[in-house]
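To keep things clear, I will list the structure first and then write my remarks on it.
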Number of protein chains: 2
Amino acid sequence: MEAVIKVGGSMAENPESLKRLCRELEQLAQEHRFLIVPGGGPFADLVRNVDKEFGLSDEIAHKMAILAMDQYGLLISDLISQSITIKTLEEAKKIPEKVATVILPSSLMFHTDSLKHSWDVTSDSIAAHIAELLDVKKLILIKDVDGLFTHDPKKFPQAKLISKITADELGSMKVETCIDRFLPDLIKRSQIECYIVNGNRPNRVRKILKEEEVVCTRIVS
Amino acid sequence: MEAVIKVGGSMAENPESLKRLCRELEQLAQEHRFLIVPGGGPFADLVRNVDKEFGLSDEIAHKMAILAMDQYGLLISDLISQSITIKTLEEAKKIPEKVATVILPSSLMFHTDSLKHSWDVTSDSIAAHIAELLDVKKLILIKDVDGLFTHDPKKFPQAKLISKITADELGSMKVETCIDRFLPDLIKRSQIECYIVNGNRPNRVRKILKEEEVVCTRIVS
């Protein structure tokens, strides 16, 4: 398998954009073998709100959030014609050619979860963990931003896109980023190359798979 | 087992009320054997909204809504100290004594689903279906209203609570009720006695289990 591709939950905020991305993934599956990992999207946001309202235990909130990934995975699979959903690593190891495959991670995570149960560990880390378990070295995190910036681009117009950064540098960065705090360690220990790319420009995902130059942030171990 | 008790999703709108109900269920489990089936609550409402936004296939929307029941079930289990969650009928048949048990229905429904995949089939029918599969004759549907009314009580102050109704009468009722359209048939074919009771008055649930007179609607086959 060439890559694990995580479709970020933020993409669901713009249905047309998510649909366009899904069409691109459908086409890309004709030429490349990859596994799609869902984010949590609006489903995880709701779990987060309910957690705040009810004061849930970490373990239960974590499980509910992972079910949110299953829900978002089902949504993505519905937007890709002729896609399939899978649940286990065994299935992931033998995904069919030319069929976009989405993993619904709850079974895997409930049974083999070695990650911390907290909101620090988001679907980014879960996607990296799945890449690690499958020994896949390319992880593409699709978000609704061009990549990581030197400063929060919403607050500082002079913020610059970081085109390449090491996991160590990222881990010690003080700036709030769009990725979770656990990810740099995972990238480092698994020698993964991680790309953060804008899903509103689906062609960029294609270029990463084809190893062409493209606007994104590359995190190297 | 004495009863299947469904905790309606609407109870989540008032966290204190849901917590109070869960404490009562915890105590009731000391004296009675029952299985708790979750509704979908805010999690199913979100799936419904996403379905409207994206125009999902019925099958996928149904699966996402059943995962919403798992999420609500986890929430309920977290609010009941020393509760357990189960997933299969086999586990349901041998639930331990004096431990409140919540079923997370996704595994069961994904594997043995004989119900229609549509929004007409809500968690009420799923709870009735689980009662049927377990051959349990008492089904308690906990909602945030006193029961079924002759008219919508929010619009017609003169609406009267229906204390007893047959499944046939219910099936032919023209008035919008708080239960789903598929339920009367299920009650009839399985010879279930169904109670609709207000969870904001947890003591009423206790009285139904003790077969005492109480404000509620009883639907007989």
Side-chain angles (χ1 to χ4, degrees), chain A residues 9 11-22 38 40-85 87 102 104-107 109-111 117, chain B residues 9 11-22 38 40-85 87 102 104-107 109-111 117:
Chain A
M11 291 298 300
E13 287 166 24
N14 184 338
E16 284 319 308
S17 204
L18 180 57
K19 286 177 184 173
R20 204 163 49 235
L21 172 67
C22 286
F43 310 104
D45 293 340
L46 175 61
V47 170
R48 217 179 276 261
N49 290 340
V50 169
D51 183 18
K52 273 185 200 141
E53 208 170 355
F54 285 89
L56 301 176
S57 67
D58 283 352
E59 197 192 329
I60 290 292
H62 185 74
K63 280 191 176 177
M64 289 164 74
I66 287 178
L67 288 173
M69 292 177 70
D70 278 18
Q71 288 169 320
Y72 192 50
L74 285 167
L75 167 61
I76 292 167
S77 77
D78 209 36
L79 300 181
I80 305 178
S81 321
Q82 302 182 324
S83 61
I84 58 166
T85 58
K87 296 189 149 211
V102 182
L104 308 181
S106 69
S107 303
M109 296 306 291
F110 291 168
H111 292 113
H117 292 175
Chain B
M11 292 297 300
E13 286 166 25
N14 184 338
E16 284 319 309
S17 204
L18 180 58
K19 286 177 184 173
R20 204 162 51 235
L21 172 67
C22 286
F43 310 104
D45 292 340
L46 175 61
V47 171
R48 218 179 275 261
N49 290 339
V50 169
D51 183 17
K52 272 186 202 142
E53 208 169 355
F54 284 90
L56 301 176
S57 67
D58 283 352
E59 196 192 329
I60 290 292
H62 184 73
K63 280 191 175 175
M64 289 164 74
I66 287 178
L67 288 173
M69 292 177 71
D70 278 17
Q71 288 169 321
Y72 192 50
L74 285 167
L75 167 60
I76 292 167
S77 77
D78 209 35
L79 300 180
I80 305 177
S81 321
Q82 301 182 325
S83 62
I84 59 166
T85 58
K87 295 188 149 210
V102 181
L104 308 181
S106 70
S107 303
M109 296 306 292
F110 291 168
H111 291 113
H117 292 175

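Below, chain A is the first sequence line, B the second, and so on; all start at residue 1. What you are looking at is a predicted structure, and each value in this text was computed from that prediction instead of being measured.
Atom CD of B:Gln71 and atom CG of B:Leu46 lie 8.5 Å apart (nearest 0.5 Å). Separation of atoms CG (A:Leu21) and CG (A:Asn14) is listed at 11.0 Å; rounding is to 0.5 Å.
Of the two parts of A:Ser77, only the side chain, counted from C-beta on, holds a non-hydrogen atom closer than 4.5 Å to a non-hydrogen atom of chain B. No part of A:Tyr72 comes within reach of chain B, as not one of its non-hydrogen atoms sits under 4.5 angstrom from that chain. Both the backbone and the side chain of A:Leu75 come within less than 4.5 Å of a heavy atom in chain B.
Within the 4.5 Å cutoff, the side chain of B:Met64 has heavy atoms near those of the B:Leu56 side chain. Contact check for A:Phe43 versus A:Leu67: no side-chain heavy atoms found under the 4.5 Å cut-off.
Top candidate by heavy-atom pairs under 4.5 Å with chain B, chosen from A:Leu74, A:Asn49, A:Val50, is A:Leu74.
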